[in-house]
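Counting from 1, the numbers follow the sequence of the chain as shown. From a predicted model like this one, the values you see are computed outputs, not experimental measurements.
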Amino acid sequence: MAGTLRSPRQPEGGGLLLLMAGWSKGCEAYRDQMKRLVAGVPDAATVDLSLVKLPEGCLLFPGEDLTDLTKLRDGHAVTRTFRRHARKIGFNIKFHWIRASHLTILLDGGQPVHVVAKRAGHDPVTLLRSYARWTRKTDARVAEAIADMSKMTTV
């Protein structure tokens with residue numbers, strides 16, 4: 001499955017996105033760049049960046065000026081930046097599609113709705129209305145539950 005990307009079934013998203021290993025490496029490289037910034041290490045220097053600790057709550061996409069790595073930049077700016085970088089490497093995807101896939105995977109994996117809702121910054125009703133998607137796995141579980149109920153006998 002590595003190296004596979006499938007577009008959403010609908011333009012609004014909702015499809016399961018599997019990210020290429022290269023995308024993950026790109027995020028790691030960006031994180032290393034932030035570690036260099038925090039430690040004051042020049043780009044050309046060879047150092048063990050695993051020794052550099054980022055601030056508690058450090059974000060992948062911090063504010064524009066990089067003075068506070070725990071402050072989120074404008075959400076629209078994150079989306080535009082993500083989309084621009086995705087297109088550079090040949091992907092026409094939106095950051096929100098990955099968010100939707102992430103939340104759907106958590107729900108599909110049996111994580112409690114209230115936990116996933118808190119992670120997403122939503123109440124459970126909004127989460128279920130917006131992110132609970134049909135997947136083959138959930139469809140199979142529902143079919144199995146219906147089959148089990150039909151086998152029950154009543155006295």
Side-chain angles (χ1 to χ4, degrees), residues 1-139 141:
M1 284 250 175
T4 303
L5 180 76
R6 182 167 55 92
S7 296
R9 291 183 294 273
Q10 300 167 356
E12 304 85 44
L16 176 64
L17 295 175
L18 299 171
L19 299 179
M20 293 181 69
W23 188 262
S24 175
K25 291 200 184 298
C27 289
E28 289 172 15
Y30 182 73
R31 183 67 103 189
D32 286 349
Q33 199 175 21
M34 289 170 52
K35 286 181 176 183
R36 286 179 179 281
L37 178 70
V38 166
V41 176
D43 288 341
T46 304
V47 295
D48 181 2
L49 292 174
S50 68
L51 301 173
V52 178
K53 183 172 170 67
L54 291 171
E56 184 72 28
C58 183
L59 301 170
L60 180 59
F61 298 107
E64 293 289 336
D65 63 1
L66 298 177
T67 56
D68 182 359
L69 298 178
T70 63
K71 181 181 174 195
L72 184 64
R73 65 175 77 175
D74 172 52
H76 295 292
V78 171
T79 299
R80 285 190 305 272
T81 301
F82 180 88
R83 196 113 197 238
R84 185 176 65 247
H85 289 296
R87 283 186 179 143
K88 278 183 186 176
I89 61 171
F91 295 113
N92 185 25
I93 60 175
K94 294 181 181 177
F95 187 71
H96 193 78
W97 294 347
I98 294 173
R99 174 185 163 89
S101 293
H102 167 74
L103 298 174
T104 301
I105 289 167
L106 290 175
L107 291 171
D108 197 40
Q111 296 302 314
V113 173
H114 70 282
V115 172
V116 178
K118 184 175 180 182
R119 182 181 186 92
H122 293 304
D123 64 272
V125 172
T126 302
L127 175 83
L128 291 173
R129 184 177 53 240
S130 302
Y131 296 102
R133 308 275 195 243
W134 172 90
T135 62
R136 286 184 194 96
K137 188 175 182 180
T138 54
D139 191 48
R141 280 200 308 245

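Listed by chain and number, the residues in a side chain to side chain contact (heavy atoms under 4.5 Å, CB included) with Q33 are Y30 (sequence neighbours excluded). With sequence neighbours excluded, no residue forms a side-chain hydrogen bond (donor to acceptor under 3.5 Å, both in side chains) with D32. Every residue meeting the side-chain hydrogen bond (donor to acceptor under 3.5 Å, both in side chains) condition with D48, not counting sequence neighbours, appears here in chain and number order: S50. Legend: residues meeting side chain to side chain contact (heavy atoms under 4.5 Å, CB included) with R36, ordered by chain and number and at least two apart, are V41, D43, A45, V47, L49. In this structure T79 satisfies the side-chain hydrogen bond (donor to acceptor under 3.5 Å, both in side chains) test with no other residue, sequence neighbours excluded.
Atom CZ in R31 sits 9.0 Å away from atom CG in L69 (nearest 0.5 Å). The CZ atom of R99 lies 11.0 Å from the OG1 atom of T104; values are rounded to the nearest 0.5 Å. To the nearest 0.5 Å, the span separating CG on L54 from OG1 on T70 amounts to 11.5 Å. Once rounded to the nearest 0.5 Å, the distance linking NZ of K118 with CG of D123 reads 14.0 Å.
For V113 against L127, the heavy-atom pair with the smallest separation is O-CD2, 3.7 Å. Taking every heavy atom of both residues into account, F82 and I98 meet most closely at CZ-CD1, 3.2 Å.
Each ring pair (Phe, Tyr, Trp, His ring centres under 6.0 Å) pair with one or both residues in residues 105-128, not counting sequence neighbours, appears once here: H122-Y131. Under the ring pair (Phe, Tyr, Trp, His ring centres under 6.0 Å) criterion, no residue pair touches residues 37-57, with sequence neighbours excluded.
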*Take R83 and I93, measure what side chain to side chain contact (heavy atoms under 4.5 Å, CB included) needs, and give me the verdict at the end.*
CA-CA 7 Å; R83 196 113 197 238; I93 60 175; over 6 Å; no
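Counting heavy atoms from C-beta outward, T81 and H85 have side chains that approach closer than 4.5 Å.
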